[in-house]
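Notes follow once the structure below has been shown.
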Amino acid sequence: MEKEVVIVGGGVVGLVLAKELAKDGINVTVHEAKRSVGEGADKASGILSVGGLKEIGVDYRGAVLNSLDGAVLYGGDQRLRIKAKEPKAYVLDREIFGMLCAREAQAAGAKIVTNSMMGKEQLSSLEKDNIVVGADGVVSTVASHFGFPKIDDYILTYKAEFSNAKIEDVHSCNLFFSDAPRKFFGWTVPYSQSILEVGIGEWMHSRRNSLAVFNTFIKNDIVRKSLLSSSKISGRASLIPLQTRKTTVKGNVLLVGDAAGQVKATTGGGIVFGSLCAKTAAEAIKNHIRRGAPLSLYEKAWRKRYGLDLSLHKFIHSYYSNIGSRAASFIFRFAKLAGAESFLSEYGDMDRPSVVVKRLLIRQK
Ligand SMILES: Cc1cc2nc3c(=O)[nH]c(=O)nc-3n(C[C@H](O)[C@H](O)[C@H](O)COP(=O)(O)OP(=O)(O)OC[C@H]3O[C@@H](n4cnc5c(N)ncnc54)[C@H](O)[C@@H]3O)c2cc1C
C-alpha cells in the first residue's frame, strides 16, 4: 500500500500542496488546528503579485478586494512614485482565499480535518508509516518536534483596518522606510475607497512592542491625515520569519511555507514562494512514493529554483534595514535622478529581484 501524506497546517501553502498531491491520486490528509480553514488568516495581509497568483494556480477571483498598480516609497524626506500601466498585484481577503484553496484541494480528493491540533504525541505516532509535512506556519510544532534547525530572526508585526479613511489613490499603497519601525517598514494599503489597512513590522531584537511602534507610526503626517476621521475596525499582531531554515527535510518529514522560512525578507510576503515550494515538495513526494527517489531532492530543487531570489530579498532587506533617515534621503534622491521611478514602473517585479537585475543589466549594455 502507498504511503499516506499527512500535512500539518491548513494555511494556503499546506492546501496548495494537498491539491497538487491529491490531483495525482496520492492519499493526503490536512490537519488544521482552527475550527475552519482561513480562520484568523486576516492577521496577515493578502497582497499577491498578478504573476505569482498565476503560478500558484488557485482561482483567487472570489477573494479580490482591490487591485494595485502603484506604490509610493518614502525614505527620509524623499519619495519615489511607481505607477504601472496595469495592475501588478491584487489585495485578497485572506480568509476567503484560504477557503477557495481548501475547496480546490477537496475537489481534487484531499481530506481536510479541522479542529485537529497536532501535538507531539500525534506527530511521534505518524512519522514511521507516513510522510509528514510541516505547513504549520511561523511557530512550527513539526519543526521543533523533529529537531529542525531554529530560525532566530523574526519581524514582529501589527496591522489594523480603518473605515472612513481618506484615500488619495485607491490603487496605490504607501511604504515608509525610515519612520518608526526598525529594520522593516510601515505600510498603508487600500481595500476600497474608504477602508485602509495600516501596518508595521519591527525587528524582534529591538525589543519594542509592535503595538507601541504602530501607535507611533500612525502619528506620521501622511498616515495621520488619511486616518483623521476614521474608525479602527480591528487590529492583530503576528510574526514573519526573516530567514530560511538550514534544513527542510529530515527522514520522512518535510517543511514548507513559513515553517521553512520560505518568505521574502524584503516585504514578509510568503504566499507565492511558499506555494511554489509546496509544488516542488509535491513533485518530490510523488517521485518518492512512485519511484523511490529520495525526499531530500525537495531541498535541492527548491533551493535551486528559488534560493537565488530569496537570498536577493535577504540582501536587499539587510541593506535597507541598516540605513538611517539621512542616508535614505540621499539614496532616494539619487535613485530618482537615475530614473528609478520610470524603470520600476515598467520593469518592477515584487517577487523576483533577479529578473529586475537582469533587465537593469540589459538596459545598461
Ligand atoms: C502582517 C503580515 C502581513 C503579511 N502580508 C503578506 C502579503 O501581503 N503577501 C504575502 O504573500 N504574504 C504576506 N504575509 C506572509 C504570509 O501571511 C505567510 O507567508 C503565509 O500565511 C504562510 O502560509 P503558510 O500556509 O505557510 O502558514 P500559515 O498561513 O501560518 O498557516 C499555518 C496553518 O497551520 C495551522 N497550525 C499551526 N500549528 C498547527 C498544529 N500543530 N496542528 C494543526 N494545525 C496547525 C494554523 O492554524 C494555520 O492555519 C504577511 C504576514 C504578516 C504577519
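Start at 1 and go down the list; that is how both ligands and their atoms are numbered. Positions are given from 1, in the same order as the sequence printed here. Everything quoted here is computed from the prediction, not taken from an experiment.
The pair Lys286-Asp24 meets the salt-bridge criterion, since a charged nitrogen lies less than 4.0 angstrom from a carboxylate oxygen. The pair Lys88-Asp349 fails the salt-bridge criterion, with no side-chain N (NZ, NE, NH1 or NH2) lying under 4.0 Å from an Asp/Glu carboxylate O. A salt bridge links Arg305 with Glu283: at least one charged nitrogen is closer than 4.0 Å to a carboxylate oxygen.
Between Leu17, Leu156, Thr157, Val138, it is Thr157 that holds the heavy atom closest to atom 53 (C) of ligand 1. Among Ile47, Thr267, Leu239, the residue whose heavy atom lies closest to atom 8 (O) of ligand 1 is Ile47. The heavy atom nearest to atom 15 (C) of ligand 1, out of those in Gly268, Ala259, Ala44, is found in Gly268. For atom 24 (P) of ligand 1, the candidate residues are Ile7, Val189, Val13, Ile200; the nearest heavy-atom contact is made by Val13.
Contact atoms of ligand 1 toward Gly9: 33 (C), 34 (O), 35 (C), 44 (N) (distance under 4.0 Å to a heavy atom of the residue). Near Ala135, the atoms of ligand 1 lying under 4.0 angstrom from a non-hydrogen atom of the residue are 32 (C), 33 (C), 34 (O).
By the neighbour-count criterion of 12 heavy atoms within 6.0 Å, atom CD of Glu121 is sparsely surrounded, having that number or fewer from other residues, nucleotides or ligands.
Pairs engaging residues 102-111 under the side-chain hydrogen bond (donor to acceptor under 3.5 Å, both in side chains) rule: Lys19-Glu104, Asn27-Lys111 [sequence neighbours left out].
Residue, atom and distance of the protein heavy atom nearest to atom 4 (C) of ligand 1 are Ser45 N, 3.3 Å. The nearest heavy-atom contact from the protein to atom 11 (O) of ligand 1 is Ile271 N, 3.1 Å.
For a threshold of 3.5 Å applied to N or O pairs, the pair formed by Lys43 and ligand 1 contains no separation below that value.
Classification of the Phe343-Tyr347 ring pair by plane angle, with boundaries at 30° and 60°, yields tilted.
Note on ligand 1: Gly199 sits outside its first shell, no heavy atom being nearer than 4.0 Å. Under the 4.0 angstrom criterion for non-hydrogen atoms, Arg94 is in contact with ligand 1.
Shown here for Phe184 and Thr266, the closest heavy-atom pair between the two residues is CE1-O, 3.6 Å.
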